[in-house]
Colleague: 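Handing you a structure now.
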Amino acid sequence: MLNLGKKGETFFVSESSSSFMTQITRLSLGDHEREPKAFILDIPARHGEPGLTPPESWLDKWEKYAAAGCVKNWIDDAAGRGFFYLAVGSLGQIFRINPDELPEKITYSELVAHPNALVAWGLHRLGGMRFHPSSGLLFAVQPEMGEVIAVDPAQPGNYHFQPPVVRGLRMPTCVRFSQDSEKMYVCSSADGVVWEVEGFLT
């Protein structure tokens with residue numbers, strides 16, 4: 001859940017609309033008569049975290065889906081500018097979402113065509129991501145590749161051939177930074193460890 005509204009009045013939440021589609025819904029608090037409104041529709045989904053929980057191991061045929069196939073597929077920009085980043089991990093895409101620049105309801109297909117929304121494409125399947133405030137870069141994990149890649153939202157482009165800043169990990173799923181932003185922490189679910197990384201900005 002993200003709160004991008006004034007005085008905590010507006011929240012955006014992701015939810016499953018079907019087995020293979022998800023959506024982002026807008027919630028307005030303080031007015032109990034207002035129903036939740038769909039904001040971004042028909043976002044492609046996929047099975048969560050491949051390789052960690054194979055379908056045959058799911059109890060009662062339970063299936064996990066997420067808009068980006070990860071546990072942290074959309075984040076705010078960490079600078080209070082009123083927009084957030086959305087990863088459509090199954091397609092290797094990252095979008096910059098500014099609610100003030102978009103219609104009240106938009107589909108994924110319309111979002112792709114919207115100017116200035118798509119900031120990165122050509123990526124491998126994505127896991128969690130995090131905004132690095134001092135550099136202005138987004139760092140996202142590519143679990144199946146064992147990598148962390150840096151994306152510059154100010155320079156939208158195809159990142160298919162962009163070398164990663166970290167490689168050689170087993171199924172990394174999320175990334176965080178120290179309070180001084182000098183160290184990166186990457187969790188590796190396959191190993192059950194958290195890696196501390198330095199020098200990732202050089």
Side-chain angles (χ1 to χ4, degrees), residues 14 20-24 40-52 64-78 83-98 101-102 106-177 181 184-191 195 197-202:
S14 60
F20 294 98
M21 292 290 178
T22 60
Q23 69 182 42
I24 292 179
I40 304 176
L41 300 170
D42 302 333
I43 303 171
R46 69 172 173 86
H47 291 292
E49 301 309 346
L52 297 182
K64 177 185 173 184
Y65 293 94
C70 69
V71 295
K72 191 70 175 177
N73 52 53
W74 57 311
I75 56 173
D76 61 39
D77 79 320
F83 57 81
F84 57 89
Y85 294 98
L86 168 70
V88 181
S90 58
L91 300 180
Q93 299 171 331
I94 299 177
F95 293 85
R96 179 174 47 228
I97 309 296
N98 187 339
E101 295 179 353
L102 297 176
I106 188 171
T107 66
Y108 162 79
S109 297
E110 293 169 335
L111 185 63
V112 172
H114 194 279
N116 303 320
L118 185 60
V119 299
W121 59 93
L123 295 162
H124 296 278
R125 284 188 173 188
L126 296 167
M129 62 180 176
R130 201 73 173 178
F131 185 81
H132 189 263
S134 62
S135 67
L137 300 176
L138 281 171
F139 288 84
V141 298
Q142 301 184 119
E144 295 162 11
M145 303 300 292
E147 300 173 347
V148 180
I149 192 163
V151 169
D152 186 354
Q155 298 183 19
N158 186 335
Y159 280 78
H160 186 73
F161 298 105
Q162 180 76 17
V165 295
V166 180
R167 58 161 48 104
L169 305 179
R170 291 185 61 206
M171 287 298 293
T173 52
C174 61
V175 59
R176 295 292 186 272
F177 301 104
S181 300
M184 174 192 294
Y185 300 100
V186 184
C187 57
S188 174
S189 299
D191 294 324
W195 298 96
V197 182
E198 298 179 339
F200 55 93
L201 291 175
T202 57

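Note that this is a predicted model, so its numbers are computed, not measured.
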Colleague: Once you round to the nearest 0.5 Å, how far does CG of Leu138 lie from CZ of Arg130?
Modeller: 11.0 Å
Colleague: What are the two closest non-hydrogen atoms of Met184 and Val166, and how far apart are they?
Modeller: SD-CG2, 4.2 Å
Colleague: Sort and list the pairs that fulfil salt bridge (Lys or Arg N to Asp or Glu O under 4.0 Å) and have at least one residue in residues 151-174, not counting sequence neighbours.
Modeller: Arg170-Asp191
Colleague: One pair to check against side chain to side chain contact (heavy atoms under 4.5 Å, CB included): Val88 and Ser90. What are the steps and the verdict?
Modeller: CA-CA 6 Å; Val88 181; Ser90 58; 4.1 Å; yes
Colleague: Once you round to the nearest 0.5 Å, how far does CD1 of Ile97 lie from CG of Leu102?
Modeller: 6.0 Å
Colleague: When rounded to the nearest 0.5 angstrom, what distance separates OH in Tyr185 from CZ in Phe177?
Modeller: 11.0 Å
Colleague: Measure across Leu126 and Pro143 and return the closest heavy-atom pair with its distance rounded to 0.1 Å.
Modeller: C-CD, 3.9 Å
Colleague: If you compare all heavy atoms of Ile43 against all heavy atoms of Gln23, which two are closest, and at what distance to 0.1 Å?
Modeller: CD1-CA, 4.2 Å
Colleague: Decide yes or no on side chain to side chain contact (heavy atoms under 4.5 Å, CB included) for Leu169 and Val141, but give the supporting numbers first.
Modeller: CA-CA 10 Å; Leu169 305 179; Val141 298; over 6 Å; no
Colleague: Looking only at non-hydrogen atoms, find the nearest pair between Ser134 and Ser181 and report the distance.
Modeller: OG-CB, 4.0 Å
Colleague: If you measure from CZ on Arg125 to CG on Leu91, what distance do you get to the nearest 0.5 Å?
Modeller: 9.0 Å
Colleague: Hey, can you pull the donor-acceptor pairs under 3.5 Å for the side chains in residues 108-120, sequence neighbours left out?
Modeller:
from, atom 1, to, atom 2, distance (Å)
Tyr108, OH, Gln93, OE1, 2.5
Tyr108, OH, Gln93, NE2, 3.4
Glu110, OE1, Thr107, N, 3.0
Glu110, OE1, Thr107, OG1, 3.4
His114, NE2, Glu101, O, 3.4

Colleague: More than 12 non-hydrogen atoms from neighbouring residues, nucleotides or ligands closer than 6.0 Å to CH2 on Trp195, yes or no?
Modeller: no
Colleague: Once side chain to side chain contact (heavy atoms under 4.5 Å, CB included) is applied, do any residues pair with Glu198, and if so which ones, sequence neighbours excluded?
Modeller: Lys183, Glu196
Colleague: To the nearest 0.5 Å, tell me how far Phe95 CZ sits from Phe84 CZ.
Modeller: 11.5 Å
Colleague: Which heavy atom in Ala150 sits nearest to a heavy atom in Gln162, and how many Å separate them?
Modeller: O-CG, 4.5 Å
Colleague: What's the separation between atom CD1 in Ile94 and atom CG in Leu123, rounded to the nearest 0.5 Å?
Modeller: 5.5 Å
Colleague: Please identify each residue that fulfils side chain to side chain contact (heavy atoms under 4.5 Å, CB included) with Ser135, with sequence neighbours left out.
Modeller: His132, Leu137, Phe139, Leu201
Colleague: My understanding is that only residues two or more places apart in sequence, or in another chain, count here; which of them pass ring pair (Phe, Tyr, Trp, His ring centres under 6.0 Å) with His124?
Modeller: His160
